[in-house]
Amino acid sequence: MQQLALGEELYKKNCKVCHAQGLNGAPIVGNKKMWGPRAEQGLETLVEHATNGFGLMPAKGGKTELADSDISAVVKYMLSQIQ
Ligand code: HEC
């Protein structure tokens, strides 16, 4: 499967519950204002934060069974939605 499509699929299953609504201040996917300063940290830092947890963001969104490469695919998808 193409990486962005895989990322989107994993996002819907594991991350959307918080990241579509902005639950607890989660940056809403597609919202440039919310992602701007976060995106500036770069892919590597964002993946590290999503993998290990960051503030109110639980490690791997609470889905510890996800592979590190899955998290990376979702973050790439999230970044691709910023417009
Ligand atoms: C239980 C709700 C919840 C789920 C599920 C969740 N997130 Fe988050 N996420 C958050 C919150 C809240 C923040 C903001 C954290 C902060 O800044 O304190 C966040 C922030 C982030 C950030 C930005 C980190 C940064 O450095 O600014 C990324 C990337 C991220 N989440 C990725 C993911 C991925 C990938 C998944 C699915 C595997 C996921 N999240 C699932 C709540 C969630």
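Both counts, for ligands and for their atoms, begin at 1 and track the order of listing. Computed from heavy atoms alone, side chains included, the values below leave out hydrogens, waters and symmetry copies. What you are looking at is a predicted structure, and each value in this text was computed from that prediction instead of being measured.
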Select the closest option to atom 29 (C) of ligand 1 among N14, T45, L46, N24, judged by heavy-atom distance. L46
Please identify which atoms of ligand 1 are closer than 4.0 Å to at least one heavy atom of A50. 32 (C)
Any chance CD of Q81 has more than 12 other-residue heavy atoms, nucleotides or ligands included, within less than 6.0 Å? yes
Identify the heavy atoms of C18 and A26 that sit nearest to each other, and give their distance. O-CB, 3.7 Å
Student check: side-chain heavy atoms of D68 and K60 closer than 4.5 Å: yes
Give, for atom CZ of R38 and atom CG of L79, the distance between the pair rounded to the nearest 0.5 Å. 12.0 Å
Of the backbone atoms (N, CA, C, O) and the side-chain heavy atoms from C-beta on, which set of V74 has a member under 4.0 Å from an atom of ligand 1: side chain, backbone, both, or neither? side chain
Sub-4.5 Å side-chain heavy-atom contact between H19 and M78: yes
Around atom 38 (C) of ligand 1, find the nearest protein heavy atom and jot down its residue, atom name and distance. C15 SG, 2.7 Å
Sub-4.0 Å atoms of ligand 1 with respect to non-hydrogen atoms of L23: 12 (C)
Identify, for atom 27 (O) of ligand 1, the protein heavy atom at the shortest distance, and state residue, atom and that distance. R38 NH1, 2.7 Å
Distance to 0.1 Å, residue and atom name: give those for the protein heavy atom nearest to atom 26 (O) of ligand 1. H49 ND1, 2.5 Å
State the CG-CZ distance between L46 and F54, to the nearest 0.5 angstrom. 9.0 Å
Flag the pair V75 / L43 as yes when at least one side-chain heavy-atom distance between them is below 4.5 Å, and no otherwise. yes
Identity and distance of the protein heavy atom lying nearest atom 15 (C) of ligand 1: F54 O, 3.4 Å
Residue L56 vicinity, atoms of ligand 1 by number, heavy atom under 4.0 Å: 12 (C), 15 (C), 18 (O)
Look only at interatomic distance and state if H19 has a nitrogen or oxygen under 3.5 Å from any nitrogen or oxygen of ligand 1. yes
Locate the shortest heavy-atom distance separating A20 from Y11; write the atom from each residue and the value. N-OH, 3.6 Å
Subset of ligand 1 atoms that lie under 4.0 Å from at least one heavy atom of M78: 32 (C), 33 (C), 34 (C)
Measuring from the heavy atoms of P27, does anything fall under 4.0 Å of ligand 1? yes
Test your reading of the structure: does Q41 have an N or O sitting under 3.5 Å from an N or O of ligand 1? yes
Nearest non-hydrogen protein atom, atom 28 (C) of ligand 1: W35 CH2, 4.1 Å
I28 and Q21, any side-chain heavy atoms less than 4.5 Å apart: no
Can you check which of A39, C18, G53 brings a heavy atom nearest to atom 4 (C) of ligand 1? C18
Taking atom 13 (C) of ligand 1 as the point of reference, which of M57, K60, M34 owns the nearest heavy atom? M57
Is there a side-chain contact between M57 and H49, using heavy atoms and a 4.5 Å cut-off? no
Any heavy-atom pair between the side chains of K63 and L66 that's under 4.5 Å? yes
Should the proximity of D70 to ligand 1, defined as any heavy atom under 4.0 Å, be assigned to the side chain, the backbone, both, or neither? neither
